[in-house]
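In this text the structure is predicted, and so the values were computed from the model without any measurement. When a residue number appears, it is its place in the shown sequence, counting from 1.
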Amino acid sequence: MAQEFKLKGLTSLELKNGQKQEAEVEGIENGKVLLLKHDGEIHALNPNCTHYGAPLVKGVVTGDGRITCPWHGACFKISTGDVEDAPALDPLHKFAVVQKDGAVYIKGQEADIKAGRRTLNPKCQAKDSEKVVIVGRGSGALGAMEALRSEGFTGAITSIATEDHQPIDRTKLSKALITDLSKLAWRSTEYYKDADITNVTDTVTSVDFSSKKVQTESGKEYPYTKLILASGGVPSFLPIDGLKGDLGNVFLLRQLNDAQFIMKAAGTEGGKNIVVIGSSFIGMEVGNCLAGQKHHVSIIGMESEPLENIMGAKVGKIFRALLEKSGVKFYLGASVSHGSPSASDKSQIGKVVLKDGTELDADLVIEGVGVKPATQYLQSNSSIKLHEKDKSILVDSHYAVQGLKDVYAVGDIATYPYHGPGGNGEPVRIEHWDVAQNMGRSVAHSIIHPNSKGKSFIPVFWSALGAQLRYCGNTSVGGYDDVVVKGETDVSEGKQSFVAYYTKGEEVVAVASMMKDPYMTQSAELMRRGKMPKKGELEKGMDIMEVGVPGEIKI
């Protein structure tokens with residue numbers, strides 16, 4: 001039964017629409033709630049995002065009743081606490097608010113206040129003829145599973161993947177090289193048993209779309225009524241002697257066992273010579289992590305600055321300086337010639353040689369030179385049309401596969417029409433954890449509500465590059481022609497606190513920020529509504545945090 005709890009120091013609530021504040025709950029150690037006003041009504045919720053614990057008091061309230069996390073863009077419905085957008089999985093508890101006798105109270109359970117989240121318990125025993133089969137167990141698969149059960153789907157759900165474990169937070173592999181499954185898994189194995197979700201370890205070899213069956217390497221067949229293809233990406237070794245998997249201690253990073261192999265080779269004492277090939281996100285994150293463990297890290301990149309193709313040279317220079325402060329050495333504008341074996345063990349890597357003759361000592365090498373869509377099991381199937389360039393799967397705005405019924409594709413394998421700023425519906429493939437999970441959630445919603453409109457979202461990603469990077473939007477469709485940087489960028493003084501607006505003409509197509517939360521989140525919500533200020537307005541000093549976020553969605 002609900003109890004009343006007094007909020008410390010409050011005699012009344014004078015919030016305006018869109019305003020929010022945190023309040024302490026008397027009698028509960030560390031007990032807090034978030035109070036906010038929307039559409040004339042005061043609401044009380046758990047105060048922290050259920051993803052990584054960001055304080056929602058610093059988040060963004062929108063006109064259509066959402067509160068968005070200031071760090072990674074997770075969204076919650078204010079009226080219920082339910083999850084609206086990835087990457088949060090658990091919803092928030094909602095508490096009734098009472099003002100009386102010169103004080104403010106909330107009604108609820110002490111355990112719910114302490115828990116800080118409404119843990120989903122989707123106990124289910126599949127009981128109807130619907131069978132959803134998911135190929136893969138990454139972010140897109142996770143989003144689909146979670147949304148299907150949380151929205152009441154009672155059919156069978158089967159995930160087939162090469163991994164021998166439940167879905168994990170893959171972002172922590174490159175950012176922190178965590179090797180403990182218990183620290184990476186989103187849910188316990190018991191959770192999936194209770195939800196009647198079957199996680200199969202096997203390799204999908206083909207799909208018979210006419211008979212609606214998935215075949216695996218073990219010889220088993222899995223019939224489906226709805227199929228979600230979420231097989232992700234496959235990293236590749238460079239096709240270069242010594243670096244193509246022909247010498248030991250040369251690693252890729254995609255799965256949990258990859259991180260385990262890397263950390264076993266690196267050891268715990270520090271001091272190893274580690275060469276990272278690739279100056280994009282995986283390479284930069286791994287390099288930053290290993291430098292923090294006192295290893296001697298060198299990063300090789302073909303660009304003039306790291307991440308230049310995505311973030312531009314001006315911002316890439318900031319990231320380089322941050323990692324250099326941690327001791328990372330960069331070899332940029334460089335190409336790799338080959339890898340040489342160790343003098344003491346000819347089966348192991350010993351050096352990486354650049355085309356200009358530079359030799360880098362290497363106790364181990366990590367290659368982060370991109371991934372390809374994992375669609376090899378479909379490439380001989382005439383029933384499905386794959387993208388000519390990268391063999392990805394072409395889907396519509398609902399992530400339904402073109403030309404097939406009851407088949408969807410999400411995540412790294414999906415090329416979809418992008419309607420965000422600068423997109424104009426042009427096809428794009430985006431390799432971000434948050435994007436894949438939102439796609440999976442959208443597909444689940446379409447399966448449960450067949451005539452519903454697909455969920456719209458702006459791509460969001462984040463990275464650990466000596467400081468936390470936040471990013472929203474996309475530049476791969478139409479590109480960008482300028483970057484407007486506002487704030488401090490002097491890494492030597494420790495003052496990297498900035499927002500970078502990527503523009504095409506007058507339109508802002510992407511936004512990156514460091515130490516300026518919640519500017520990225522605010523930008524994503526404004527982009528979603530077609531209300532992002534123009535380049536000229538930003539150059540004149542407009543602060544996007546002063547722009548109200550309306551309710552109407554434009555994309």
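- Interatomic distance, NE2 of His338 versus NZ of Lys351, reported as 10.5 Å (0.5 Å rounding).
- The minimum heavy-atom distance linking Asp85 with Gly73 is given by the pair CB-O, 4.4 Å.
- Ring planes of Tyr502 and Tyr480: perpendicular class, angle over 60° (limits at 30 and 60°).
- When the shell of 6.0 Å around NZ of Lys531 is examined, it contains 12 or fewer heavy atoms from other residues, nucleotides or ligands.
- In this structure a side-chain-to-backbone donor-acceptor pair under 3.5 Å is present from Gln260 to Thr179.
- Looking at Glu303, its side chain does come within 3.5 Å of a backbone N or O of Asn309 through a donor-acceptor pair.
- Leu247 CG to Leu364 CG: the interatomic distance, rounded to the nearest 0.5 Å, is 13.0 Å.
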Worksheet item: Yes or no on side-chain contact (heavy atoms from CB on, under 4.5 Å) for Ile318 and Met311, after CA distance, side-chain angles and deciding distance?
Response: CA-CA 10 Å; Ile318 300 170; Met311 313 296 294; over 6 Å; no
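- With hydrogens and angles left out, the side-chain atoms of Thr68 and Glu525 include a donor and acceptor closer than 3.5 Å.
- At least one donor-acceptor pair under 3.5 Å links the side chain of Arg137 to the backbone N or O of Glu163.
- With a 6.0 Å radius and a threshold of 12 heavy atoms from other residues, nucleotides or ligands, Lys183 has its NZ atom at or below the threshold.
- Across Pro70 and Pro518, no two heavy atoms sit closer than the pair CB-CB, 3.7 Å.
- Between Tyr471 and the options Phe281, Trp71, Tyr501, Phe461, a ring-ring contact (aromatic ring centres under 6.0 Å, His included) holds for only Phe461.
- Taken from NE2 in His296 to CD1 in Ile274, the straight-line distance is 9.5 Å, to the nearest 0.5 Å.
- Proximity of a side-chain donor or acceptor of Glu507 to a complementary backbone N or O of Lys504 within less than 3.5 Å is not detected.
- A donor-acceptor distance shorter than 3.5 angstrom exists from the side chain of Thr50 to the backbone of Asp90, with no hydrogens or angles considered.
- In this structure a side-chain-to-backbone donor-acceptor pair under 3.5 Å is present from Glu367 to Leu238.
- Between Tyr331 and Asp356, the side chains place no donor N or O within less than 3.5 Å of an acceptor N or O (distance only, hydrogens not considered).
- Within the 4.5 Å cutoff, the side chain of Arg254 has no heavy atoms near those of the Val234 side chain.
- For CD of Gln379, the number of neighbouring non-hydrogen atoms (other residues, nucleotides, ligands) closer than 6.0 Å is greater than 12.
- The side-chain heavy atoms of Asp64 and Arg529, taken from C-beta on, include a pair separated by under 4.5 Å.
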Item to complete: Carefully, step by step, assess His72 and Trp433 under the rule ring-ring contact (aromatic ring centres under 6.0 Å, His included).
Response: CA-CA 11 Å; His72 306 120; Trp433 173 268; over 10 Å; no
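- Proximity of a side-chain donor or acceptor of Arg429 to a complementary backbone N or O of Asp412 within less than 3.5 Å is detected.
- We find that Asp363 and Lys272 are not joined by a salt bridge, their nearest charged nitrogen and carboxylate oxygen being 4.0 Å or further apart.
- In this structure, Ser523 contributes its side chain and Tyr519 its backbone to a donor-acceptor pair below 3.5 Å.
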Item to complete: Apply the test salt bridge (charged side-chain N to carboxylate O under 4.0 Å, His left out) to residues Asp180 and Lys172: give CA-CA distance (whole Å), side-chain angles for both, the deciding distance (0.1 Å), then the verdict.
Response: CA-CA 11 Å; Asp180 185 342; Lys172 291 181 178 178; over 6 Å; no
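- Leu394 has its side chain out of reach of Leu386: every pair of non-hydrogen atoms, C-beta onward, lies at least 4.5 Å apart.
- Residues Trp186 and Asp169 have side chains in contact (heavy-atom distance under 4.5 Å, counting atoms from C-beta outward).
- Counting only heavy atoms from C-beta outward, the side chains of Val508 and Leu526 never approach each other to under 4.5 Å.
- Taken from CE in Met520 to CG in Leu469, the straight-line distance is 9.0 Å, to the nearest 0.5 Å.
- With sequence neighbours excluded, the residues forming a side-chain hydrogen bond (donor to acceptor under 3.5 Å, both in side chains) with Glu285 are Ser174, Lys175, Ser463, listed by chain and number.
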Fill in: Pair Ile544-Leu538, side-chain contact (heavy atoms from CB on, under 4.5 Å): steps then yes or no
CA-CA 8 Å; Ile544 65 166; Leu538 295 169; 3.7 Å; yes
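- Scanning both residues, Ala230 and Ile134, for their nearest heavy atoms gives CB-CG2, 4.3 Å.
- Not one N or O on the side chain of Thr62 forms a donor-acceptor pair closer than 3.5 Å with the backbone of Ile67.
- No side-chain heavy atom of Leu354 sits under 4.5 Å from any side-chain heavy atom of Ser337.
- Heavy atoms of other residues, nucleotides or ligands lying less than 6.0 angstrom from NZ of Lys244 number more than 12.
- The side-chain hydrogen bond (donor to acceptor under 3.5 Å, both in side chains) test applied to Lys535 returns Asp482, not counting sequence neighbours.
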Fill in: Derivation of the side-chain contact (heavy atoms from CB on, under 4.5 Å) call for Gln255 and Arg170
CA-CA 8 Å; Gln255 309 290 2; Arg170 200 190 304 277; 3.1 Å; yes
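- Atoms CD1 and CD1, on Ile277 and Ile282 in that order, are 15.0 Å from each other to the nearest 0.5 Å.
- Ser497 approaches Lys516 most closely through the heavy-atom pair OG-CD, 3.2 Å.
- Residues that satisfy the side-chain hydrogen bond (donor to acceptor under 3.5 Å, both in side chains) test with Gln293, not counting sequence neighbours, are absent from this structure.
- A perpendicular orientation is assigned to the rings of Tyr416 and Tyr399, their planes being inclined by more than 60° (bins at 30° and 60°).
- Between Phe261 and Phe251, the ring planes lie parallel to each other; the angle is under 30°, not in the 30° to 60° tilted range.
- From Gln166, atom CD reaches atom CE of Met145 across 10.0 Å, with rounding to the nearest 0.5 Å.
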Practice prompt. Start with the C-alpha gap between Asn438 and Val460, add the side-chain angles, then the distance that decides, and say whether side-chain contact (heavy atoms from CB on, under 4.5 Å) holds.
Written response: CA-CA 10 Å; Asn438 272 325; Val460 166; over 6 Å; no
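- Nearest heavy-atom pair across Gly271 and His295 is N-ND1, 3.5 Å.
- Looking only at atom types and distance, the side chain of Tyr377 has a donor-acceptor partner in the side chain of Ser231 under 3.5 Å away.
- Side-chain N or O atoms of Lys372 include none that pairs as donor or acceptor with a backbone N or O of Lys391 at under 3.5 Å.
- Two residues are said to be in side-chain contact when any heavy atoms from C-beta on lie closer than 4.5 Å; Ile300 and Val276 fail this criterion.
- The environment of CE in Met263 is crowded: more than 12 heavy-atom neighbours from other residues, nucleotides or ligands sit within 6.0 Å.
- Taking 4.5 Å as the limit, some side-chain heavy atom of Arg187 sits within range of a side-chain heavy atom of Leu89.
- In terms of heavy-atom proximity, Asn249 sits nearest to Ala265 at OD1-CB, 3.8 Å.
- No option in Arg470, Gln522, Gln468 other than Arg470 meets the side chain to side chain donor-acceptor pair (under 3.5 Å) test with Asp517.
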